[in-house]
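Okay, structure first, notes after.
Note that the structure is predicted; figures quoted are calculated from it, not measured. Along the sequence shown, the residues carry numbers beginning at 1.
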Amino acid sequence: MPGQRSITEAEKLAQAKLGGIPVRREQMVAVANIYRAASTVRHHLENSVLRGSNLTWTAFVVLWVVWVWGESETRHVAEEAGISKGTLTGVSRTLESRGLLRRTGHPTDGRLVLLSLTPEGEEFMRRVFPAFNEEEAFVTSQLTAAECRDLADGLRRVVLQVEEHGEDRRRSLLEGAELAPRRGGRRSKG
């Protein structure tokens with residue numbers, strides 16, 4: 001990415017800055033690279049296949065969640081997409097105006113809204129996802145299939161660690177103070 005330091009430069013600068021500070025370097029680099037890889041991949045996908053479809057990353061993730069899980073309450077879609085309900089409202093209205101998503105009231109609870117893909121949305125995802133997946137293959141092309149499986153397994157274990165033990169750890173670190181609302185979800189693409 002123009003104007004940004006390479007991953008090698010960033011790692012050297014971090015190491016120089018930390019000097020004698022006792023840190024768990026391997027874990028620090030792993031988490032830093034999770035963030036950097038996610039950011040780089042997102043940027044690439046937004047500026048390639050998603051740009052051609054006039055979609056943001058967030059809009060694509062919302063479509064993905066509803067496509068995979070079927071009709072869902074907005075609160076669940078927001079959680080799975082890792083966005084606030086307010087952000088989802090704007091995204092879902094945009095997708096609805098494009099004819100890709102349908103918003104309907106819940107049949108038994110008028111306070112709830114359900115999201116589902118329209119037939120056009122279903123067709124859109126069947127058409128766009130293969131192109132998206134081609135870019136997933138591109139960004140992982142320096143890895144073998146076995147390395148991709150190992151990477152996916154390692155990242156899955158990171159997610160499970162936080163899902164299963166993160167709340168207790170945060171409570172311990174915050175000495176019982178109120179936790180921030182949970183963002184992100186258990187069911188996600190991949």
Side-chain angles (χ1 to χ4, degrees), residues 1 4 30-106 112-141 143 148-149 151-164 166-167 179-190:
M1 285 181 264
Q4 291 194 5
V31 171
N33 285 341
I34 288 170
Y35 172 78
R36 190 171 188 115
S39 180
T40 300
V41 169
R42 177 179 176 160
H43 181 77
H44 174 75
L45 289 165
E46 282 183 325
N47 285 296
S48 58
V49 68
L50 297 181
R51 177 174 283 185
S53 299
N54 196 27
L55 283 180
T56 64
W57 175 267
T58 302
F60 179 79
V61 171
V62 167
L63 288 173
W64 168 265
V65 168
V66 177
W67 189 42
V68 169
W69 293 100
E71 184 176 67
S72 301
E73 292 178 19
T74 53
R75 62 185 170 161
H76 298 303
V77 174
E79 182 178 329
E80 296 306 323
I83 58 177
S84 70
K85 288 185 274 182
T87 297
L88 177 61
T89 297
V91 170
S92 63
R93 285 183 179 155
T94 298
L95 293 170
E96 184 178 38
S97 74
R98 289 185 57 186
L100 301 174
L101 197 66
R102 180 180 306 113
R103 295 163 37 96
T104 56
H106 191 279
L112 301 177
V113 174
L114 299 172
L115 298 179
S116 60
L117 291 188
T118 62
E120 294 83 2
E122 289 280 344
E123 187 279 325
F124 180 84
M125 288 301 288
R126 281 192 304 275
R127 182 173 42 82
V128 170
F129 185 72
F132 187 92
N133 182 246
E134 280 301 311
E135 292 312 301
E136 291 176 318
F138 168 77
V139 301
T140 58
S141 63
L143 303 174
C148 285
R149 286 188 299 273
L151 176 62
D153 181 59
L155 293 172
R156 188 175 293 109
R157 290 188 316 224
V158 169
V159 170
L160 287 171
Q161 171 66 15
V162 175
E163 285 181 352
E164 294 171 1
E167 188 169 327
L179 298 175
R182 184 172 183 271
R183 291 188 55 174
R186 294 179 191 271
R187 297 174 291 174
S188 60
K189 189 189 158 316

Let me see the working for L101 and R93 under side-chain contact (heavy atoms from CB on, under 4.5 Å), right down to the final yes or no.
CA-CA 8 Å; L101 197 66; R93 285 183 179 155; over 6 Å; no
Minimum heavy-atom distance E136-T140, with the two atoms named:
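Closest pair (atom of E136, atom of T140, distance): O-OG1, 2.8 Å.
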Looking only at heavy atoms, which two atoms of V62 and A81 are closest? And how far apart?
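Between these two residues, the closest heavy atoms are CG2-CB, 4.3 Å.
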Inter-residue atom distance [X].[atom1] - [Y].[atom2], 0.5 Å rounding:
X: S72; Y: E80; atom1: OG; atom2: CD; value: 8.0 Å
X: L95; Y: R102; atom1: CG; atom2: CZ; value: 13.5 Å
X: H76; Y: K85; atom1: NE2; atom2: NZ; value: 10.0 Å
X: N54; Y: R98; atom1: CG; atom2: CZ; value: 5.0 Å
X: T74; Y: H106; atom1: OG1; atom2: NE2; value: 10.0 Å

Out of L117, V91, V128, which residue meets the side chain to side chain contact (heavy atoms under 4.5 Å, CB included) rule with L63?
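With L63 as partner, L117, V91, V128 yield a single side chain to side chain contact (heavy atoms under 4.5 Å, CB included), made by L117.
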Run the side-chain contact (heavy atoms from CB on, under 4.5 Å) check on V49 and F60 step by step: do they pass?
CA-CA 11 Å; V49 68; F60 179 79; over 6 Å; no
Side-chain heavy atoms of [X] within contact of [Y], under 4.5 Å:
X: L115; Y: L88; answer: yes
X: F132; Y: L50; answer: yes
X: V113; Y: T89; answer: no
X: L151; Y: L155; answer: yes

List for me each residue that meets salt bridge (Lys or Arg N to Asp or Glu O under 4.0 Å) alongside [X], sequence neighbours excluded, and say none if there are none.
X: E120; value: none
X: E135; value: none
X: R42; value: E46

Sequence neighbours left out, what passes side chain to side chain donor-acceptor pair (under 3.5 Å) with [X]? Give chain and number order.
X: R51; result: N47
X: S48; result: none
X: Q161; result: none

If we ignore angles and hydrogens, is there a donor and acceptor under 3.5 Å between the side chains of T87 and S84?
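Side chains of T87 and S84: pair found under 3.5 Å.
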Going by side-chain contact (heavy atoms from CB on, under 4.5 Å), name the residues that satisfy it together with [X], two or more places apart in sequence or in a different chain.
X: V41; answer: L45, V139
X: E96; answer: R103
X: R157; answer: D153

So does E134 have more than 12 non-hydrogen atoms from other groups sitting under 6.0 Å from CD?
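Incorrect, the count does not exceed 12.
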Between W64 and F129, is the ring centroid distance below 6.0 Å?
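Yes, the ring of W64 comes within the 6.0 Å limit of the ring of F129, centre to centre.
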Side chain of [X], backbone of [Y]: donor and acceptor closer than 3.5 Å?
X: T56; Y: A59; answer: yes
X: T118; Y: G99; answer: yes
X: S39; Y: R36; answer: no

Which pairs count as salt bridge (Lys or Arg N to Asp or Glu O under 4.0 Å) when at least one residue sits in residues 61-78, sequence neighbours excluded?
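Listed once each, the pairs are E73-R75.
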Begin with the C-alpha distance, continue with both residues' side-chain angles, and end with the deciding distance and a verdict on side-chain contact (heavy atoms from CB on, under 4.5 Å) for W57 and H43.
CA-CA 9 Å; W57 175 267; H43 181 77; over 6 Å; no
Test of understanding: with ring pair (Phe, Tyr, Trp, His ring centres under 6.0 Å), list the residues that count as partners of H44, not counting sequence neighbours.
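H44: ring pair (Phe, Tyr, Trp, His ring centres under 6.0 Å) contacts with F138.
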